[in-house]
Amino acid sequence: MADDDTRHESPSQTAGPYVHIGCLPNWSGIAGVYAEDPGSRLINADTRGERVSVTGRIFDGDEAPVLDAVIELWQADAGGLYPSPVETRGVADPNFGGWGRVASAFDSGEFRIDTIRPGRVPYPDGRLQAPHINCWIVARGINVGLQTRIYFADESDANAEDPVLASIEPRARVDTLLAQPDAEGAFRFDIHLQGERETVFFDI
Amino acid sequence: MSSEQSRGYLPRDRAWHPPALAPDYKSSRLRSPRQPLLVLPTTLSEESGPVFGHDIIGPRDDDLIHNYAADGHSALGPRILVHGHLRDQSGRAVPNALIEVWQANAAGRYRHPNETYIAPLDPNFGGCGRCLTDADGYYRFLSIQPAPYPWPNGPNSWRPAHIHFSLFGEAFAQRLITQMYFEGDPLIPLCPIVNAIPREDAVDTLIARLDMDAALPMDMLAWRFDLTLRGRAQTYFENRPEGL
Ligand SMILES: [Fe+2]
(Lines give C-alpha, C1' and ligand atoms only; values in the text may rest on other atoms or scores of the structure.)
Protein backbone atom coordinates (compact mmCIF):
# COMPACT_ATOMS: atom_id res chain seq x y z
CA MET A 1 0.00 0.00 0.00
CA ALA A 2 1.40 3.35 -1.01
CA ASP A 3 -0.77 5.26 1.43
CA ASP A 4 1.66 6.52 4.06
CA ASP A 5 -0.73 6.93 6.93
CA THR A 6 -1.65 3.24 6.91
CA ARG A 7 1.59 2.85 8.84
CA HIS A 8 0.11 4.46 11.93
CA GLU A 9 -2.70 3.09 14.02
CA SER A 10 -5.61 5.52 14.41
CA PRO A 11 -4.86 7.44 17.61
CA SER A 12 -6.99 6.48 20.59
CA GLN A 13 -9.38 8.92 22.25
CA THR A 14 -11.17 8.52 25.55
CA ALA A 15 -14.44 6.59 25.52
CA GLY A 16 -15.86 9.47 27.57
CA PRO A 17 -18.55 9.39 30.24
CA TYR A 18 -21.29 8.25 27.86
CA VAL A 19 -19.58 5.12 26.50
CA HIS A 20 -22.62 3.11 27.63
CA ILE A 21 -24.76 4.62 24.88
CA GLY A 22 -22.72 2.89 22.22
CA CYS A 23 -21.52 -0.17 24.12
CA LEU A 24 -24.33 -1.05 26.57
CA PRO A 25 -27.35 0.94 25.35
CA ASN A 26 -30.02 -1.13 27.12
CA TRP A 27 -28.09 -0.93 30.39
CA SER A 28 -27.98 2.88 30.05
CA GLY A 29 -31.72 3.13 29.37
CA ILE A 30 -31.82 3.14 25.57
CA ALA A 31 -34.29 0.36 24.90
CA GLY A 32 -35.49 -1.00 21.62
CA VAL A 33 -32.47 -0.40 19.41
CA TYR A 34 -30.49 -3.60 20.13
CA ALA A 35 -32.27 -6.78 21.26
CA GLU A 36 -29.61 -7.18 23.94
CA ASP A 37 -26.40 -5.45 24.93
CA PRO A 38 -23.33 -6.93 23.26
CA GLY A 39 -21.28 -9.07 25.63
CA SER A 40 -23.90 -9.12 28.36
CA ARG A 41 -23.95 -12.94 28.53
CA LEU A 42 -20.67 -14.87 28.56
CA ILE A 43 -22.21 -18.23 29.38
CA ASN A 44 -25.43 -20.17 28.95
CA ALA A 45 -26.87 -23.27 30.63
CA ASP A 46 -24.87 -25.58 28.34
CA THR A 47 -21.46 -23.90 28.69
CA ARG A 48 -18.88 -26.37 29.95
CA GLY A 49 -16.76 -25.54 32.96
CA GLU A 50 -16.74 -24.35 36.55
CA ARG A 51 -18.96 -21.31 37.11
CA VAL A 52 -17.13 -18.40 38.66
CA SER A 53 -18.10 -14.84 39.35
CA VAL A 54 -15.70 -11.95 39.71
CA THR A 55 -16.88 -8.75 41.36
CA GLY A 56 -14.90 -5.64 42.02
CA ARG A 57 -14.51 -1.92 41.64
CA ILE A 58 -12.09 0.38 39.89
CA PHE A 59 -10.48 3.09 42.02
CA ASP A 60 -8.92 6.37 40.93
CA GLY A 61 -5.87 8.10 42.42
CA ASP A 62 -8.00 9.48 45.27
CA GLU A 63 -9.25 5.97 46.06
CA ALA A 64 -12.69 7.00 44.85
CA PRO A 65 -14.61 4.34 42.93
CA VAL A 66 -14.91 4.96 39.19
CA LEU A 67 -18.62 5.03 38.39
CA ASP A 68 -18.53 5.23 34.61
CA ALA A 69 -16.11 2.59 33.34
CA VAL A 70 -16.72 -0.26 30.93
CA ILE A 71 -14.57 -3.40 31.13
CA GLU A 72 -14.28 -5.81 28.25
CA LEU A 73 -13.25 -9.39 28.84
CA TRP A 74 -11.72 -12.02 26.61
CA GLN A 75 -10.88 -15.50 27.81
CA ALA A 76 -10.42 -19.10 26.74
CA ASP A 77 -13.03 -21.77 27.37
CA ALA A 78 -12.72 -24.37 30.14
CA GLY A 79 -10.44 -26.46 27.94
CA GLY A 80 -8.09 -23.58 27.20
CA LEU A 81 -9.34 -22.97 23.64
CA TYR A 82 -10.30 -19.61 22.18
CA PRO A 83 -13.47 -19.33 20.08
CA SER A 84 -11.50 -17.56 17.36
CA PRO A 85 -10.40 -18.33 13.80
CA VAL A 86 -6.75 -18.12 14.91
CA GLU A 87 -7.27 -21.02 17.33
CA THR A 88 -5.51 -23.98 15.67
CA ARG A 89 -5.38 -26.45 18.57
CA GLY A 90 -9.00 -27.54 18.51
CA VAL A 91 -12.56 -26.29 18.47
CA ALA A 92 -13.75 -24.24 21.44
CA ASP A 93 -16.98 -24.93 23.32
CA PRO A 94 -19.79 -23.81 20.97
CA ASN A 95 -21.70 -22.56 24.02
CA PHE A 96 -18.99 -20.13 24.99
CA GLY A 97 -18.28 -16.90 23.11
CA GLY A 98 -15.28 -15.87 25.20
CA TRP A 99 -16.06 -12.17 25.08
CA GLY A 100 -17.96 -10.08 27.60
CA ARG A 101 -18.61 -6.51 28.55
CA VAL A 102 -19.54 -5.18 31.99
CA ALA A 103 -20.03 -1.71 33.40
CA SER A 104 -19.26 -0.17 36.76
CA ALA A 105 -22.58 0.52 38.48
CA PHE A 106 -23.45 4.23 38.39
CA ASP A 107 -24.05 4.32 42.17
CA SER A 108 -21.42 2.00 43.71
CA GLY A 109 -18.94 1.39 40.92
CA GLU A 110 -19.29 -2.36 41.41
CA PHE A 111 -18.97 -4.60 38.37
CA ARG A 112 -19.83 -8.28 38.19
CA ILE A 113 -18.57 -10.89 35.73
CA ASP A 114 -20.38 -14.23 35.48
CA THR A 115 -18.28 -16.70 33.55
CA ILE A 116 -16.43 -20.01 33.71
CA ARG A 117 -12.91 -20.60 34.92
CA PRO A 118 -10.74 -20.50 31.78
CA GLY A 119 -8.32 -23.28 30.88
CA ARG A 120 -4.63 -22.79 30.26
CA VAL A 121 -3.34 -21.49 26.93
CA PRO A 122 0.23 -21.50 25.65
CA TYR A 123 2.69 -18.63 25.67
CA PRO A 124 4.45 -18.12 22.29
CA ASP A 125 7.34 -20.36 23.38
CA GLY A 126 4.98 -23.22 24.27
CA ARG A 127 5.01 -22.86 28.05
CA LEU A 128 1.52 -22.80 29.55
CA GLN A 129 0.04 -19.61 30.91
CA ALA A 130 -2.04 -19.78 34.06
CA PRO A 131 -5.83 -19.38 33.70
CA HIS A 132 -6.55 -15.73 33.08
CA ILE A 133 -9.12 -13.32 31.72
CA ASN A 134 -7.87 -10.49 29.53
CA CYS A 135 -9.40 -7.14 30.48
CA TRP A 136 -9.61 -3.91 28.56
CA ILE A 137 -10.78 -0.88 30.56
CA VAL A 138 -12.19 2.30 29.09
CA ALA A 139 -13.73 5.35 30.76
CA ARG A 140 -13.73 9.11 30.91
CA GLY A 141 -10.17 10.20 31.67
CA ILE A 142 -8.59 7.07 30.17
CA ASN A 143 -6.97 8.15 26.92
CA VAL A 144 -5.94 4.70 25.71
CA GLY A 145 -7.85 1.60 26.85
CA LEU A 146 -5.97 -0.11 29.68
CA GLN A 147 -4.96 -3.74 29.24
CA THR A 148 -4.71 -5.97 32.28
CA ARG A 149 -5.44 -9.57 33.26
CA ILE A 150 -7.41 -11.30 35.98
CA TYR A 151 -5.64 -14.36 37.39
CA PHE A 152 -7.05 -16.55 40.15
CA ALA A 153 -5.31 -16.61 43.52
CA ASP A 154 -6.29 -20.25 44.10
CA GLU A 155 -4.25 -21.37 41.06
CA SER A 156 -0.94 -21.00 42.87
CA ASP A 157 0.92 -23.77 40.98
CA ALA A 158 -0.14 -22.50 37.57
CA ASN A 159 0.47 -18.89 38.57
CA ALA A 160 3.99 -19.76 39.73
CA GLU A 161 4.93 -20.89 36.22
CA ASP A 162 3.05 -18.22 34.25
CA PRO A 163 5.49 -16.33 31.98
CA VAL A 164 3.49 -13.10 32.10
CA LEU A 165 3.29 -13.03 35.90
CA ALA A 166 6.98 -13.98 36.01
CA SER A 167 7.88 -10.79 34.14
CA ILE A 168 6.37 -8.49 36.80
CA GLU A 169 8.75 -6.45 38.94
CA PRO A 170 8.68 -5.70 41.80
CA ARG A 171 7.18 -9.09 42.72
CA ALA A 172 4.73 -7.56 45.17
CA ARG A 173 2.81 -6.14 42.24
CA VAL A 174 1.85 -9.65 41.06
CA ASP A 175 -0.86 -9.58 43.74
CA THR A 176 -2.63 -6.75 41.90
CA LEU A 177 -3.58 -9.29 39.19
CA LEU A 178 -4.89 -12.02 41.53
CA ALA A 179 -8.62 -12.31 42.06
CA GLN A 180 -9.11 -13.43 45.63
CA PRO A 181 -11.57 -16.20 46.56
CA ASP A 182 -14.48 -14.72 48.47
CA ALA A 183 -17.12 -17.41 48.67
CA GLU A 184 -17.66 -20.67 46.77
CA GLY A 185 -17.08 -19.83 43.11
CA ALA A 186 -16.93 -16.11 43.87
CA PHE A 187 -13.86 -13.95 43.50
CA ARG A 188 -13.04 -10.34 44.30
CA PHE A 189 -10.89 -8.25 41.96
CA ASP A 190 -10.38 -4.54 42.52
CA ILE A 191 -8.49 -2.40 40.05
CA HIS A 192 -6.42 0.62 41.12
CA LEU A 193 -5.61 3.12 38.39
CA GLN A 194 -3.01 4.93 40.51
CA GLY A 195 -1.32 4.89 43.87
CA GLU A 196 0.34 2.40 46.20
CA ARG A 197 -1.72 -0.48 44.93
CA GLU A 198 -1.68 0.48 41.24
CA THR A 199 -2.71 -2.50 39.13
CA VAL A 200 -0.20 -3.84 36.62
CA PHE A 201 -1.24 -2.66 33.15
CA PHE A 202 0.28 -4.08 30.01
CA ASP A 203 1.48 -2.77 26.71
CA ILE A 204 0.93 -6.07 24.98
CA MET B 1 5.97 -22.42 18.39
CA SER B 2 7.13 -22.01 14.79
CA SER B 3 7.37 -18.57 13.25
CA GLU B 4 4.73 -19.45 10.63
CA GLN B 5 2.15 -19.82 13.37
CA SER B 6 3.04 -16.55 15.04
CA ARG B 7 0.51 -13.79 14.63
CA GLY B 8 2.23 -11.30 16.88
CA TYR B 9 1.12 -7.69 16.69
CA LEU B 10 3.20 -4.56 16.36
CA PRO B 11 3.70 -2.72 19.63
CA ARG B 12 1.57 0.41 20.00
CA ASP B 13 3.44 3.59 19.09
CA ARG B 14 2.92 5.42 22.38
CA ALA B 15 4.30 8.67 20.95
CA TRP B 16 1.45 8.66 18.43
CA HIS B 17 -1.33 7.98 20.95
CA PRO B 18 -2.21 10.40 23.74
CA PRO B 19 -0.27 9.76 26.96
CA ALA B 20 -2.25 8.41 29.93
CA LEU B 21 -1.75 11.71 31.77
CA ALA B 22 -2.71 14.80 29.79
CA PRO B 23 -3.08 17.41 32.58
CA ASP B 24 -5.21 19.81 30.51
CA TYR B 25 -7.76 17.01 30.25
CA LYS B 26 -8.58 17.06 33.95
CA SER B 27 -10.22 13.64 34.18
CA SER B 28 -6.94 12.03 33.17
CA ARG B 29 -5.15 13.29 36.28
CA LEU B 30 -6.58 10.76 38.72
CA ARG B 31 -7.25 8.04 36.17
CA SER B 32 -3.82 7.67 34.61
CA PRO B 33 -1.50 4.87 35.71
CA ARG B 34 1.83 6.26 36.95
CA GLN B 35 3.85 3.06 36.72
CA PRO B 36 5.22 2.29 33.25
CA LEU B 37 3.14 -0.19 31.28
CA LEU B 38 4.63 -3.68 31.28
CA VAL B 39 5.72 -4.25 27.68
CA LEU B 40 5.32 -7.84 26.49
CA PRO B 41 4.95 -9.57 23.12
CA THR B 42 1.39 -10.57 22.30
CA THR B 43 0.33 -14.11 23.14
CA LEU B 44 -2.55 -16.17 21.80
CA SER B 45 -4.72 -14.38 24.39
CA GLU B 46 -4.22 -11.06 22.59
CA GLU B 47 -3.84 -12.44 19.05
CA SER B 48 -7.31 -14.01 19.15
CA GLY B 49 -10.52 -12.08 19.51
CA PRO B 50 -14.28 -12.31 19.28
CA VAL B 51 -16.03 -12.81 15.96
CA PHE B 52 -19.32 -11.04 15.31
CA GLY B 53 -21.73 -12.36 12.73
CA HIS B 54 -24.33 -10.58 10.67
CA ASP B 55 -26.96 -12.19 12.93
CA ILE B 56 -26.37 -9.60 15.67
CA ILE B 57 -26.86 -6.65 13.33
CA GLY B 58 -30.48 -5.53 13.06
CA PRO B 59 -31.84 -3.93 9.88
CA ARG B 60 -31.76 -0.40 11.35
CA ASP B 61 -28.63 -0.67 13.47
CA ASP B 62 -26.67 1.37 10.90
CA ASP B 63 -29.35 4.05 10.60
CA LEU B 64 -29.27 6.39 13.61
CA ILE B 65 -31.77 8.63 11.86
CA HIS B 66 -34.44 5.97 12.32
CA ASN B 67 -33.31 3.30 14.76
CA TYR B 68 -34.83 5.06 17.79
CA ALA B 69 -37.53 7.04 15.99
CA ALA B 70 -41.25 6.41 16.21
CA ASP B 71 -42.80 4.92 13.10
CA GLY B 72 -42.98 7.53 10.39
CA HIS B 73 -40.61 9.88 12.22
CA SER B 74 -36.92 10.59 12.00
CA ALA B 75 -34.25 12.27 14.10
CA LEU B 76 -33.85 16.05 13.86
CA GLY B 77 -30.71 17.54 12.38
CA PRO B 78 -28.66 17.60 9.21
CA ARG B 79 -28.76 14.13 7.67
CA ILE B 80 -25.29 12.63 7.12
CA LEU B 81 -23.74 9.51 5.69
CA VAL B 82 -20.44 8.46 7.28
CA HIS B 83 -18.29 5.95 5.47
CA GLY B 84 -14.73 4.80 5.16
CA HIS B 85 -12.20 2.02 5.04
CA LEU B 86 -10.88 -0.06 7.91
CA ARG B 87 -7.39 -1.42 7.38
CA ASP B 88 -4.45 -2.50 9.50
CA GLN B 89 -1.02 -0.94 9.66
CA SER B 90 0.20 -2.91 6.68
CA GLY B 91 -2.72 -1.60 4.64
CA ARG B 92 -4.60 -4.89 4.67
CA ALA B 93 -8.40 -4.46 4.70
CA VAL B 94 -10.15 -5.65 7.88
CA PRO B 95 -13.38 -7.38 6.78
CA ASN B 96 -16.37 -8.31 8.99
CA ALA B 97 -15.20 -6.02 11.78
CA LEU B 98 -17.75 -4.67 14.24
CA ILE B 99 -17.90 -0.87 14.43
CA GLU B 100 -20.04 0.68 17.17
CA VAL B 101 -20.78 4.41 17.22
CA TRP B 102 -22.42 6.80 19.66
CA GLN B 103 -22.98 10.53 19.62
CA ALA B 104 -24.86 13.56 20.90
CA ASN B 105 -27.95 14.75 19.07
CA ALA B 106 -28.22 17.79 16.81
CA ALA B 107 -28.48 20.03 19.89
CA GLY B 108 -25.38 18.58 21.56
CA ARG B 109 -27.27 16.50 24.12
CA TYR B 110 -26.66 12.83 24.93
CA ARG B 111 -29.38 10.38 25.88
CA HIS B 112 -27.69 9.24 29.10
CA PRO B 113 -28.55 9.14 32.83
CA ASN B 114 -25.54 11.30 33.76
CA GLU B 115 -26.09 13.95 31.07
CA THR B 116 -26.88 17.41 32.48
CA TYR B 117 -26.67 19.77 29.49
CA ILE B 118 -29.71 22.04 29.13
CA ALA B 119 -30.08 21.39 25.39
CA PRO B 120 -33.17 19.30 24.58
CA LEU B 121 -33.39 15.58 23.93
CA ASP B 122 -34.78 14.57 20.58
CA PRO B 123 -37.51 11.99 21.24
CA ASN B 124 -36.62 10.34 17.93
CA PHE B 125 -32.88 10.04 18.50
CA GLY B 126 -31.14 7.41 20.65
CA GLY B 127 -27.56 8.04 19.59
CA CYS B 128 -26.19 4.51 19.13
CA GLY B 129 -25.56 2.44 16.03
CA ARG B 130 -23.35 -0.28 14.63
CA CYS B 131 -22.31 -1.98 11.44
CA LEU B 132 -19.88 -4.57 10.13
CA THR B 133 -17.21 -3.81 7.56
CA ASP B 134 -17.81 -5.56 4.25
CA ALA B 135 -15.52 -8.13 2.62
CA ASP B 136 -13.21 -5.30 1.48
CA GLY B 137 -13.11 -3.49 4.82
CA TYR B 138 -15.59 -0.73 3.98
CA TYR B 139 -18.27 0.51 6.39
CA ARG B 140 -21.15 2.95 6.19
CA PHE B 141 -23.82 4.31 8.50
CA LEU B 142 -26.41 7.07 8.47
CA SER B 143 -26.91 9.63 11.20
CA ILE B 144 -27.51 13.28 11.93
CA GLN B 145 -24.75 15.83 12.43
CA PRO B 146 -24.03 16.05 16.17
CA ALA B 147 -23.58 19.51 17.70
CA PRO B 148 -20.66 20.69 19.85
CA TYR B 149 -21.38 20.75 23.58
CA PRO B 150 -19.92 22.30 26.74
CA TRP B 151 -18.30 20.12 29.38
CA PRO B 152 -16.93 20.66 32.88
CA ASN B 153 -13.19 20.73 32.29
CA GLY B 154 -11.94 24.31 32.17
CA PRO B 155 -14.13 27.39 32.76
CA ASN B 156 -15.36 27.40 29.15
CA SER B 157 -14.59 24.04 27.56
CA TRP B 158 -16.47 22.86 24.48
CA ARG B 159 -16.13 19.61 22.62
CA PRO B 160 -15.94 19.88 18.85
CA ALA B 161 -18.71 17.98 17.09
CA HIS B 162 -17.70 14.32 17.16
CA ILE B 163 -18.83 10.73 16.82
CA HIS B 164 -17.38 8.09 19.14
CA PHE B 165 -16.11 4.94 17.40
CA SER B 166 -15.47 1.52 18.95
CA LEU B 167 -13.55 -0.85 16.67
CA PHE B 168 -12.91 -4.58 16.77
CA GLY B 169 -10.33 -6.18 14.53
CA GLU B 170 -9.47 -9.85 14.41
CA ALA B 171 -7.48 -9.76 17.64
CA PHE B 172 -8.19 -8.42 21.12
CA ALA B 173 -4.81 -6.63 20.77
CA GLN B 174 -6.39 -4.42 18.10
CA ARG B 175 -9.27 -3.20 20.27
CA LEU B 176 -9.61 0.56 19.88
CA ILE B 177 -11.95 3.38 20.85
CA THR B 178 -11.52 6.77 19.24
CA GLN B 179 -13.48 9.79 18.04
CA MET B 180 -14.23 11.22 14.61
CA TYR B 181 -14.18 14.99 14.09
CA PHE B 182 -15.53 17.04 11.20
CA GLU B 183 -13.29 18.92 8.76
CA GLY B 184 -13.42 22.67 9.31
CA ASP B 185 -14.69 22.62 12.91
CA PRO B 186 -12.96 25.58 14.66
CA LEU B 187 -13.31 23.86 18.05
CA ILE B 188 -10.94 21.01 17.13
CA PRO B 189 -7.68 22.85 18.00
CA LEU B 190 -9.21 24.17 21.25
CA CYS B 191 -10.14 20.77 22.69
CA PRO B 192 -8.00 19.33 25.51
CA ILE B 193 -9.06 15.78 24.59
CA VAL B 194 -7.93 16.31 20.99
CA ASN B 195 -4.80 18.07 22.18
CA ALA B 196 -3.88 15.12 24.38
CA ILE B 197 -2.68 13.63 21.08
CA PRO B 198 0.90 14.89 20.84
CA ARG B 199 1.21 15.17 17.06
CA GLU B 200 -0.82 17.31 14.71
CA ASP B 201 -0.51 14.76 11.89
CA ALA B 202 -2.00 12.17 14.23
CA VAL B 203 -4.94 14.47 15.03
CA ASP B 204 -5.43 15.00 11.31
CA THR B 205 -6.17 11.28 10.84
CA LEU B 206 -9.21 11.67 13.13
CA ILE B 207 -10.78 14.45 11.03
CA ALA B 208 -13.36 13.21 8.54
CA ARG B 209 -13.40 14.87 5.13
CA LEU B 210 -16.49 16.19 3.42
CA ASP B 211 -17.05 13.78 0.53
CA MET B 212 -19.28 15.35 -2.11
CA ASP B 213 -18.89 12.33 -4.40
CA ALA B 214 -20.61 10.15 -1.81
CA ALA B 215 -23.28 12.71 -0.85
CA LEU B 216 -26.84 11.81 -1.79
CA PRO B 217 -28.24 14.78 -3.76
CA MET B 218 -31.25 16.44 -2.13
CA ASP B 219 -30.90 14.01 0.78
CA MET B 220 -27.68 13.98 2.80
CA LEU B 221 -24.05 15.06 2.89
CA ALA B 222 -21.32 12.46 3.24
CA TRP B 223 -18.18 12.34 5.37
CA ARG B 224 -15.23 10.06 4.69
CA PHE B 225 -13.40 8.63 7.69
CA ASP B 226 -10.77 5.90 7.29
CA LEU B 227 -9.44 4.00 10.29
CA THR B 228 -6.31 1.96 10.94
CA LEU B 229 -5.92 -0.87 13.43
CA ARG B 230 -2.74 -2.41 14.81
CA GLY B 231 -0.97 -4.62 12.29
CA ARG B 232 0.96 -7.83 12.60
CA ALA B 233 4.68 -7.88 13.20
CA GLN B 234 5.55 -10.80 10.97
CA THR B 235 9.12 -9.79 10.22
CA TYR B 236 9.84 -8.99 13.82
CA PHE B 237 8.43 -12.28 15.01
CA GLU B 238 10.12 -14.40 12.34
CA ASN B 239 13.47 -13.02 13.44
CA ARG B 240 13.03 -13.13 17.14
CA PRO B 241 14.89 -15.75 19.09
CA GLU B 242 12.90 -18.64 20.56
CA GLY B 243 11.44 -17.81 23.93
CA LEU B 244 11.90 -14.06 23.86
FE1 LIG C 1 -18.75 12.79 23.31
Any side-chain heavy atom of [X] sitting closer than 4.5 Å to one from [Y]?
{"X": "B/Thr42", "Y": "A/Phe202", "answer": "no"}
{"X": "B/Glu100", "Y": "A/Cys23", "answer": "yes"}
{"X": "A/Arg140", "Y": "B/Trp151", "answer": "no"}
{"X": "B/Phe165", "Y": "A/Ser10", "answer": "no"}
{"X": "A/Ile204", "Y": "B/Val39", "answer": "no"}
{"X": "A/Pro38", "Y": "B/Phe168", "answer": "no"}
{"X": "A/Leu193", "Y": "B/Ser32", "answer": "no"}
{"X": "A/Arg89", "Y": "B/Leu44", "answer": "yes"}

Legend entry - Within residues 60-71 of chain B, residues adjacent to chain A where the heavy-atom gap is under 4.5 Å: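 If one takes a 4.5 Å heavy-atom cut-off, the residues of residues 60-71 of chain B near chain A are B/Asp61, B/Asn67, B/Tyr68.
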Under 4.5 Å, counting heavy-atom pairs only, tell me which of [options] racks up the most with chain A.
{"options": "B/Gly127, B/Pro113, B/Ser45, B/Cys128", "value": "B/Ser45"}
{"options": "B/Asp13, B/Leu227, B/Leu98", "value": "B/Leu227"}
{"options": "B/Leu176, B/Val194, B/Val51, B/Ile57", "value": "B/Leu176"}
{"options": "B/His162, B/Arg130, B/Gln174, B/Arg159", "value": "B/Arg130"}

Inset, instruction - With a 4.5 Å cut-off on heavy-atom pairs, point out which of A/Trp99, A/Phe201, A/Trp136 contacts chain B the most. - result: A/Trp136
Side chain, backbone, both or neither: which part of [X] has a non-hydrogen atom closer than 4.5 Å to chain B?
{"X": "A/Ile58", "answer": "neither"}
{"X": "A/Pro25", "answer": "side chain"}
{"X": "A/Val144", "answer": "side chain"}
{"X": "A/Phe106", "answer": "side chain"}
{"X": "A/Gln129", "answer": "side chain"}

Inset, instruction - State the NE2-CZ distance between A/His8 and B/Arg199, to the nearest 0.5 angstrom. - result: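 A/His8 atom NE2 to B/Arg199 atom CZ measures 5.0 Å (nearest 0.5 Å).
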Do NZ/NE/NH1/NH2 and the carboxylate oxygens of [X] and [Y] come within less than 4.0 Å?
{"X": "A/Asp68", "Y": "B/Arg31", "value": "yes"}
{"X": "B/Arg175", "Y": "A/Glu72", "value": "yes"}
{"X": "B/Arg14", "Y": "A/Asp203", "value": "yes"}

Legend entry - Qualifying side-chain hydrogen bond (donor to acceptor under 3.5 Å, both in side chains) pairs, either residue in residues 24-33 of chain A, two or more places apart: A/Asn26-A/Asp37
Inset, instruction - Write down the atom of B/Ser28, the atom of A/Asn143, and the distance for their closest heavy-atom approach. - result: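 Here B/Ser28 and A/Asn143 meet closest at CB-ND2, 4.2 Å.
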Inset, instruction - Please list, in residue-number order, every residue in residues 11-20 of chain A that has a heavy atom less than 4.5 Å from any heavy atom of chain B; write 'none' if there are none. - result: A/Pro11, A/Ser12, A/Gln13, A/Thr14, A/Ala15, A/Pro17, A/Tyr18, A/Val19, A/His20
Inset, instruction - Taking heavy atoms only and a threshold strictly under 4.5 Å, list by residue number the residues of residues 39-53 of chain A that touch chain B; give 'none' if the list is empty. - result: none
Legend entry - chain A contact via B/Ala202 - which portion, at a heavy-atom distance below 4.5 Å: both
Legend entry - Any donor-acceptor N/O pair, A/Glu198 side chain to B/Arg34 backbone, under 3.5 Å: yes
Inset, instruction - Say whether, by atom type as modelled, one donor and one acceptor occur between the side chain of B/Trp16 and the main chain of A/Glu9 under 3.5 angstrom. - result: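 Yes, B/Trp16 side chain to A/Glu9 backbone: donor-acceptor pair under 3.5 Å.
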